[in-house]
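Index from 1, following the sequence.
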Amino acid sequence: MNKALLVMLFMVFYNGASSNGLGANVTTARPEVVNIGAIFTFDSVIGKIAKVAIALAVEDVNSDPEILNGTKLTLKMQNTKSSDFLGIIEALQFLENDTVAIIGPQFSATAHVISHIADELKVPLLSFAATDPTLSPTQFPFLVRTTRSDLFQMTAVADLVFYYEWRDVIAIYVNDDFGRNAIAALGDKLAEKRCKISYKVPLNPKATKDEITNALVSVSSMESRILILHIYTSWGLQLLTEARNLNMMASGYVWIATDWFSTIIDTDPSLPFISTDDIQGVLTLKMYTPESELKKKFKSRWSNLTSSRRVNGSSFGLNTYGLYAYDSVRHLAVALDSFFARGENISFSNDSNLNELGGGKLNLDALNMFNGGSQLLQSILEVNTTGLTGPVKFNPDGNLINPAFEVINVIGTGTRTIGYWSNSSGFLLDPPEKPQRKLQSNGSSTGTERLYSVIWPGQTTQKPRGWVFPDNGRKLRIGVPNRVSYREFVGIKGTEFTGYCIEVFQAALNELPYGVPYKFVPFGDGKKNPENHELLHMIQIGEFDSVVGDITITTGRTKMVDFTQPYIESGLVVVAPIRKLNSSAWAFLRPFTPMMWGVTGIFFLVVGTVVWILERRTNEDFRGPPRKQFVTIIWFSFSTLFFSQKEKTGSTLGRFVLIIWLFVVLILNSSYIASLTSILTVEQLSSPVKGIESLATGGDPIGFLEGSFAENYLTDELNVHRSRLVPLNSPEEYEKALQDGPSAGGVAAVIDERAYMELFLSSRCGYSIVGQEFTKMGWGFAFPRDSPLAIDMSTAVLKLSEKGDLQKIHDKWLMKSACSAEGAKQAVDRLQIKSFWGLFLLSGIACFLALVLHVIRMMHKYYKRPDSDCESSQSRRLQSFVSFVNKREQEAKSRPKRMRTEKASSKIVHEDSSINGLDESV
């Protein structure tokens, strides 16, 4: 900070009053007058309005005793004449005259320099027009921006570009702090929405007509037609006039001007009448200030005051910078009142840093430091009031709250507000503080985020697409692979280009709302299929503007170019030789795999055994000699297959197990019947290759189309060794390699994209696709990265698909009926255990739970027996328990009863004997 201050000070040849030495000037609280300054360019569009507005504000403050309680403001204004140097000199002059605050500066470049001086001498700057977003309170704490930062304006511009679905813009800006930093902010905001500035045109702050013309000529040859203007009011209209002379205000162009343009219109309302042709269709932003009674009265007062004033023959209109200039003075007055109310004094002292530089002709000792500057700055930042511009309050970032802009369209001989932008709500139909009307979305936005229709340059209401082909007279060079095989997709005969891909591309071009000049350029020698990677690389180096052909969209390729929406799906498939399976006497075994048959049989026996265990104590059908019981188990188990078991289940647990098993049998039955029906009614084909899994894990050679991405996919993704891969160039080579097989130097299978294979199989019935398609990809047209034509062509492809034209073109070139592309049903579709393990698990759990509950129940009954012997050995107890379980339920219940009867009888006999013995003794 000191270095910058010294540089500026030594540029000044100071001839002011003599130094005040080391003493201090002290003014007691509530002084009669307070000195404030204002520095700006008087004859600028902003300055001439601000001059009147600031004077009126000082007059209003001094005439209202309630604001400063008797203290008056003494204002001195200095004209910088658009010179940063003069601005610095005038700021220094203010700082030697005990000035407590300065209204200004107007220009951002001046503010960058003066802010260093203000920070050193503790004098607040209240700038109503310095909008550079890099003027942050962190770096320049004594610069208080009392207007809107360009950060918010550039956010609104980026939202506008995104709203209309444009991607690239051209920025024309003034090449100083004001322009460069704002455009940098715009670039950041556009990047957040995946848009960008494709071309920047910096102009000299004092640009001449020739410089403007040359810049516009370079812009006219660019692809983008979205032009962002962030320049000065002094020559902004001249640029638009030159643009009209170059026919750049015609249909197709979009001009978005920042608030410099709305400021000119507000200052000179007659402008749309005078320069109608120059500004038609321009969009501009204007800082939004809500309507209020205070603002309405001031505008009426302004109109009466300036009705007799004329500036260059135009009306002296009030612009938003005038409102902010007025509020800056009022804001400062309220802050001073708060400053005095806290008992603060206005006092100045010499800066100790400057004392070291005393002597010489610069008289640096005359520059005084405001002792209460920090306290006044704090009061300024804490002000919470309402002015002409609405609520006046600063957020923690040092910006005014509630930033908002009007979006204005210049039409006819006037202007029309098409909506509003709020930092918190985006685009709105009504002012941000009012209830919003909800309109149905048109796809550009949702909810209440809307704008009214726009009349664009050229008097059209149709939204410009935002780009054109560069105006260099060159047709688009469309690269086309010169293929050896599959010419149904791309065929080249001399200068004639035909095929499915070519016809889809031409049909998509016809769907565009504009013409595209192009010519096809073959790529390759016609002796072997060209590498698609090399073909796409030609786009990267600028040799081709697009590539049309059988180009698969892969992750790696999307890093090189942009693709359109896929116009055909085409994943990788496996094609192998097939043979017919003749029907046999054992065809009924085919629906299930051997493992499935084995597990099913085991579960039949397990369920039969479990039911036998649960039922044998209570059900006579499950008792008898061992041989009979074994037969019963087998018969009962397999009779459940037909739901024809004659044995009835009586126990609850038995019924629970059986009902679960019958559900499993029902599913197995249905699946078996469906599969067997398919086997017996559809021609069965078999192949030694079952799919990509068996092929990849085996050791047989694999064929692929030379130049396709299949080679890298097999080696990188499936870990197939490159020595197993055999490159092939044509369907004929495919057929020969498959016929020879691995044993004769051929291949076991060929891996290629479905689109090729369907065409290959359409006339070759001895081969078929085996297994499932193991990638999901598609073909698209390739364009350079960020090409807007790729987006429009994607939309055109979708239109072709919706209208059915894409299918018609497909049927024309690719529909063949000699053989079915899919072939017949493969024998690999046998039902496996993995499809039914959940059912078997359910049945197994039911059997286990039933057995556990049954054992617990038996043990409970066993230990409740009156004759249970708890003192016997463990082996005897186990034998006794098994014997108990093996008995009938009735037998087990009757034995305790019989024992109780015998005990009672023996007791009676014993008592009778005792009585008889007593009688005899008597």
Side-chain angles (χ1 to χ4, degrees), residues 131 147-167 169 185-186 189-190 192-193 195 226-230 253-266 269 271-272 279-292 295 319-320 323 389-391 400-466:
T131 57
T147 186
R148 301 298 182 187
S149 169
D150 274 339
L151 176 64
F152 301 110
Q153 182 168 210
M154 294 306 160
T155 304
V157 171
D159 286 351
L160 199 61
V161 171
F162 182 73
Y163 179 86
Y164 287 111
E165 300 177 342
W166 298 314
R167 294 183 62 184
V169 303
L186 174 62
K189 294 300 178 181
L190 287 172
E192 292 176 4
K193 301 181 179 300
C195 305
I226 312 300
L227 308 177
I228 311 298
L229 291 181
H230 188 61
Y253 282 91
V254 175
W255 292 86
I256 302 176
T258 53
D259 63 350
W260 66 268
F261 188 52
S262 61
T263 300
I264 294 177
I265 294 175
D266 286 342
L271 179 64
I279 61 177
Q280 281 299 300
V282 175
L283 289 180
T284 183
L285 298 177
K286 176 183 176 181
M287 289 182 285
Y288 173 69
T289 55
E291 294 298 326
S292 64
K295 179 181 174 183
N319 57 46
T320 51
L323 298 176
T389 58
L400 290 173
I401 62 172
N402 303 329
F405 288 84
E406 291 183 55
V407 185
I408 298 173
N409 182 207
V410 179
I411 53 175
T413 57
T415 62
R416 174 175 177 247
T417 298
I418 62 170
Y420 300 83
W421 177 90
S422 166
N423 189 48
S424 58
S425 305
F427 290 117
L428 306 167
L429 282 173
D430 299 304
E433 74 276 6
K434 293 184 179 180
Q436 298 300 312
R437 286 169 283 175
K438 294 182 180 292
L439 297 181
Q440 187 175 4
S441 173
N442 68 349
S444 298
S445 57
T446 58
T448 59
E449 230 184 37
R450 308 287 300 119
L451 291 175
Y452 287 112
S453 60
V454 177
I455 297 180
W456 305 99
Q459 298 294 322
T460 177
T461 57
Q462 183 178 2
K463 184 196 77 172
R465 70 175 184 268

> Can you name the residues that form a side chain to side chain contact (heavy atoms under 4.5 Å, CB included) with Arg465, not counting sequence neighbours?
Replying inline: Trp467, Val468, Tyr514, Asp792

> Which of these passes side chain to side chain donor-acceptor pair (under 3.5 Å) with Lys286: Asp266, Thr258, Thr263?
Replying inline: Asp266

>> With a 4.5 Å cut-off on side-chain heavy atoms, are Pro432 and Asn402 touching?
In response: no

>> As an exercise, state the distance from CD1 of Ile228 to CH2 of Trp255, rounded to the nearest 0.5 Å.
In response: 10.5 Å

> Please, which pairs that meet salt bridge (charged side-chain N to carboxylate O under 4.0 Å, His left out) have at least one residue in residues 152-161, sequence neighbours excluded?
Replying inline: Asp159-Lys193

> Below 4.5 Å, heavy atoms only, C-beta onward: do Arg148 and Gln153 meet side chain to side chain?
Replying inline: no

> If every non-hydrogen atom of Leu451 is compared with every non-hydrogen atom of Leu429, which pair is closest and at what distance?
Replying inline: C-CD2, 4.0 Å

> What residues, two or more places apart in sequence or in another chain, satisfy salt bridge (charged side-chain N to carboxylate O under 4.0 Å, His left out) together with Lys463?
Replying inline: Glu165

> Does the side chain of Phe427 come within less than 4.5 Å of Leu160's, by heavy atoms?
Replying inline: yes

> Nearest heavy-atom pair of Ser422 and Leu428: which atoms, and what distance?
Replying inline: CB-CD1, 4.3 Å

> Are the side chains of Val407 and Leu285 in touch, meaning some heavy atoms are under 4.5 Å apart?
Replying inline: yes

> To the nearest 0.5 Å, how far apart are CD1 in Ile455 and CD1 in Ile411?
Replying inline: 4.5 Å

>> Using the ring pair (Phe, Tyr, Trp, His ring centres under 6.0 Å) criterion, which residues pair with Phe261? Sequence neighbours excluded.
In response: none

>> Once rounded to the nearest 0.5 Å, what's the spacing between atom CG of Leu151 and atom CG of Leu186?
In response: 10.5 Å

>> Just verifying a value: how many Å separate His230 NE2 and Thr131 OG1, rounded to the nearest 0.5 Å?
In response: 5.5 Å

>> For Trp456 and Tyr164, I'd like to know if the aromatic rings sit close, meaning centre-to-centre distance below 6.0 Å.
In response: yes

> For the residue pair Lys189 and Ala158, what are the closest heavy atoms and their distance?
Replying inline: CB-CB, 3.7 Å

> Picking from Asn319, Thr389, Thr147, what satisfies side-chain contact (heavy atoms from CB on, under 4.5 Å) with Met287?
Replying inline: Thr147

> Any sub-3.5 Å donor-acceptor pair from Trp166's side-chain atoms to Pro464's backbone N or O?
Replying inline: yes

> What is the distance from atom CG of Asp259 to atom OG1 of Thr284, rounded to the nearest 0.5 Å?
Replying inline: 7.0 Å

> Between Ala257 and Val282, what is the shortest heavy-atom contact and its length?
Replying inline: CB-CG1, 4.3 Å

>> With heavy-atom distances below 4.5 Å as the criterion, would you say the side chains of Lys434 and Pro290 are in contact?
In response: no

> Who passes ring pair (Phe, Tyr, Trp, His ring centres under 6.0 Å) against Tyr288, sequence neighbours left out?
Replying inline: Tyr420

> If you measure from OG1 on Thr417 to CG on Asp430, what distance do you get to the nearest 0.5 Å?
Replying inline: 11.5 Å

> Is the closest side-chain heavy-atom distance between Thr461 and Ser453 below 4.5 Å?
Replying inline: no

> Listed by chain and number, what are the ring pair (Phe, Tyr, Trp, His ring centres under 6.0 Å) partners of Trp260, not counting sequence neighbours?
Replying inline: none

> Do Val254 and Val169 touch side chain to side chain, with heavy atoms closer than 4.5 Å?
Replying inline: no

